[in-house]
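As the structure is a prediction and not an experimental result, all values here were calculated from the model. The figures that follow rest on heavy atoms only: side chains count, while hydrogens, waters and symmetry mates do not.
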Amino acid sequence: MDSGIIRPSILLSVGHFRYRVPTEDDLRWQFNTAVASGCKGIHWFFFYGQNYRNYRGAPISPYGEKTIAYDWMKLLHRTFHDNHASLMSALTHKETYHTHKAYGEYELFHENAHATIKTMESQHNVPGIISFF
């Protein structure tokens with residue numbers, strides 16, 4: 001990925017078609033992986049509920065009422081801003097690698113892929129992200 005590019009990210013906050021309604025963990029995972037990949041802006045897809053087809057579980061219902069997803073997102077954003085926003089906004093993204101499984105255009109991290117980290121191990125063999133800023 002090109003370094004130094006300001007990337008917004010569109011995250012899914014509503015279930016529709018074959019996509020299930022995101023859980024609190026799903027929302028947090030989407031947000032944190034976007035930030036770890038260098039995003040400087042977040043847009044949530046369908047923040048407001050729609051009376052259209054099978055869109056469901058939006059943070060704001062079709063009747064303008066806050067849902068549990070709204071509370072989850074509020075906590076997620078407040079926690080991030082309180083703990084990490086000033087640091088992350090000051091950093092410049094250089095490169096990102098994925099571990100165990102590559103998503104999108106990202107490369108898998110392999111031994112000696114970077115001068116700073118020679119190897120990476122996951123005790124549970126779960127996918128991860130290594131980013132340099």
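Ring-plane geometry between His16 and Tyr19 is classed as tilted, the angle between the planes lying from 30 to 60 degrees on a 0 to 90 degree scale. Between His93 and Phe133, the ring planes lie perpendicular to each other; the angle is over 60°, past the 30° to 60° tilted range. In this structure, Phe31 and Trp44 have parallel ring planes: the angle between them is below the 30° cut-off, well short of the 60° mark.
Rounding to the nearest 0.5 Å gives a distance of 6.5 Å between OG1 of Thr79 and CG of Asn83. Once rounded to the nearest 0.5 Å, the distance linking NZ of Lys94 with OG1 of Thr92 reads 7.5 Å.
Counted within 6.0 Å of CZ on Phe17, heavy atoms from surrounding residues, nucleotides or ligands total more than 12; the atom is thus considered enclosed. Heavy-atom contacts from other residues, nucleotides or ligands closer than 6.0 Å to CD1 of Ile10 number 12 or fewer.
Under the 4.5 Å side-chain heavy-atom criterion for ILVMFWY residues, a single connected hydrophobic cluster contains both Leu27 and Ile68. Linking ILVMFWY side-chain heavy atoms closer than 4.5 Å, directly or via other members, places Tyr106 and Trp29 in two distinct hydrophobic clusters.
In this structure Arg56 satisfies the side-chain hydrogen bond (donor to acceptor under 3.5 Å, both in side chains) test with no other residue, sequence neighbours excluded.
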Under the side-chain contact (heavy atoms from CB on, under 4.5 Å) rule, what do Met120 and Glu111 come out as? Steps first, then yes or no, please. CA-CA 7 Å; Met120 189 287 310; Glu111 201 166 309; over 6 Å; no
For ring pair (Phe, Tyr, Trp, His ring centres under 6.0 Å), just list the numbers for His98 and Phe109, CA-CA rounded to whole Å, side-chain angles, deciding distance to a tenth of an Å, and then say yes or no. CA-CA 6 Å; His98 287 199; Phe109 184 84; over 10 Å; no
Report the C-alpha distance between Phe46 and Tyr55 in whole Å, list the side-chain angles of each, state the deciding distance to 0.1 Å, and finish with yes or no for ring pair (Phe, Tyr, Trp, His ring centres under 6.0 Å). CA-CA 9 Å; Phe46 270 31; Tyr55 287 82; 4.5 Å; yes
Give the intermediate values and the outcome of side-chain contact (heavy atoms from CB on, under 4.5 Å) for residues Tyr70 and Ile60. CA-CA 7 Å; Tyr70 178 91; Ile60 304 293; 3.7 Å; yes
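If you check the side chains of Thr23 and Asp26, you find a donor sitting under 3.5 Å from an acceptor.
The side-chain heavy atoms of Leu87 and Ser89, taken from C-beta on, include no pair separated by under 4.5 Å. Under the 4.5 Å side-chain criterion, counting only non-hydrogen atoms from C-beta, Met88 is in contact with Phe80. Proximity of Ile117 to Ile130: side-chain heavy atoms (C-beta onward) are separated by under 4.5 Å at one or more points. For the pair Glu24/Leu75, a side-chain contact is recorded, criterion being any heavy-atom separation below 4.5 Å from C-beta on. Counting heavy atoms from C-beta outward, Val14 and Val21 have side chains that stay 4.5 Å or more apart.
A donor-acceptor pair is defined here as one N or O able to donate and one able to accept, closer than 3.5 Å; such a pair exists between the side chain of Gln30 and the backbone of Leu12. Not a single donor-acceptor pair under 3.5 Å links the side chain of His124 to the backbone N or O of Val126. For Thr96 (side chain) and Ser131 (main-chain N/O), no donor-acceptor pair under 3.5 Å exists by modelled atom type. Judged by distance alone, with hydrogens and angles left aside, the side-chain atoms of Ser13 form a donor-acceptor pair with the main-chain N or O of Phe45 at under 3.5 Å. With Thr67 contributing its side chain and Ala58 its backbone, the two residues share a donor-acceptor pair below 3.5 Å.
Across Pro59 and Met73, no two heavy atoms sit closer than the pair CG-SD, 3.2 Å. Among all heavy-atom pairs drawn from Pro127 and His100, the shortest one is CA-CB, 4.0 Å. Minimum interatomic distance between Thr99 and Ile129 (heavy atoms only, all atoms of both residues): OG1-N, 4.4 Å.
Using a 4.0 Å cut-off between a side-chain N of Lys or Arg and a carboxylate O of Asp or Glu, Asp71 and Lys74 do not qualify as a salt bridge.
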